[in-house]
Amino acid sequence: MELVVVPAYNEAANIGRVIRDLFQHGWKNVLVVDDGSVDDTAGLAFGAGARVVSHFSNRGQGAALETGNEYARRKGFDVVVHFDGDGQFDAADIKGAVDKIFAGYNLVLGSRFLDDRSKIPGFKKYFILPIARIINYLFTGIKLGDVHNGFRVLDKVALEKIVISQSGMAHNSEIVAGIKKFGLKYCEHPVKVEYFRYGQGLGGGVKIIFDWIFKK
Amino acid sequence: MLIQIILLLFFLFAWSRTFKRYRLKEIKIKELAVWTFFWLMAGLVVVFPNSTSAVAKIVGIGRGSDLVVYVSLALIFYILFRIFYRLEKIEKNITKIIRELALKEEDKKD
């Protein structure tokens, strides 16, 4: 059974739409991990029909995803989809990624670069992400087209092996590092990312590197 | 010199805070003893600055005051490092507690 884990922090404006979209695409098991939101994210998610677990204080996206993973382990799900709660992703992209898991991959990672559906802001596309790509390769030993994408699908093996200890945004590098550490079979999968907000800029990138080096 | 008086007053103040915490039973007598020894030594160095020169010569540093600065900096960095990792551990534990509470709460709903 597949579980879609949606980490959400103060996403009252988007969470209802995200969940409805997931349901419409046939994903019945949606878990929203409300990461200590001060708005009504949890209530709206529950109202929209999702399962909801709530951190009573904000712990960061990595922590929220690990809570979702732990939920999946305890309830016996074999496929977990990580899907951002801000509405940046397209629920239509999940099916193909999950099919790749059924085809034998342990980990499928979303990539904005495999097709031209994502309108990535220039500075991000030509400056931040290329640098991130090199740093990611140096740190994790894995060459990826898109190194910081919140869209991913884990099979049972990846779910059991990868335990996210990075509570902030460096969790992404931690997951990628898990590929080499546990010898996981992985591939990238084209996803569309809608840029109605910028996401992490240069400062965010520097913080990720700091966290990755000093926080384990 | 004025600086000696200022430093001694500060050490006295720092020690009095420690003593207050001991009186409130927040720290043990052993801890009080260690801090008392520390501030006493600091006071001695301030009153007799040349006393450190002998030690400095042995380890190969020209001036006693330099030795004090080097040792202090090394100590401070070490303590910072310790605090950094202690904080990190506390953060991790808080996350674990919050995760466990969130999952338990959900379990009750089923």
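Values below: all heavy atoms of this structure, side chains included; hydrogens, waters and symmetry mates excluded. Sequence lines set the chain letters: A, B, ... in the order given, protein chains first and strands last, and positions in each chain run from 1. Note that the coordinates shown come from a computational prediction; the quantities given were computed from them, not determined experimentally.
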Select one option (side chain, backbone, both, neither) describing which atoms of B:Ile98 are under 4.5 Å from chain A's heavy atoms. both

Check whether any side-chain heavy atom of A:Lys75 lies under 4.5 Å from a side-chain heavy atom of B:Glu106, and answer yes or no. yes

Between A:Ser57 and chain B, with a heavy-atom cut-off of 4.5 Å, which part of the residue counts as in contact: side chain, backbone, both or neither? both

Separation between OG (A:Ser167) and NZ (B:Lys96), nearest 0.5 Å, reads 12.0 Å

Counting neighbours of NZ on A:Lys161 that are heavy atoms of other residues, nucleotides or ligands and sit closer than 6.0 Å, is the number greater than 12? no

How many angstroms lie between atom CZ of A:Arg74 and atom CG of B:Leu103, to the nearest 0.5 angstrom? 5.0 Å

Looking only at heavy atoms, the pair that brings B:Ala102 and A:Ser54 closest together is CB-O, 3.1 Å

B:Arg99 (side chain) donor-acceptor with A:Gly68 (main chain) under 3.5 angstrom: no

Neighbour count above 12 (heavy atom, 6.0 Å) for A:Phe23 CZ: yes

Please check if the number of heavy atoms outside A:Tyr137 that lie under 6.0 Å from its OH is greater than 12. no

Report yes if the side chains of B:Lys92 and A:Ser165 come closer than 4.5 Å at any heavy-atom pair, otherwise no. yes

Taking everything shown except B:Tyr70 itself, do over 12 heavy atoms lie less than 6.0 Å from its OH? no

Quick one: CD on B:Glu100 to OG1 on A:Thr67, what's the gap to the nearest 0.5 Å? 9.0 Å

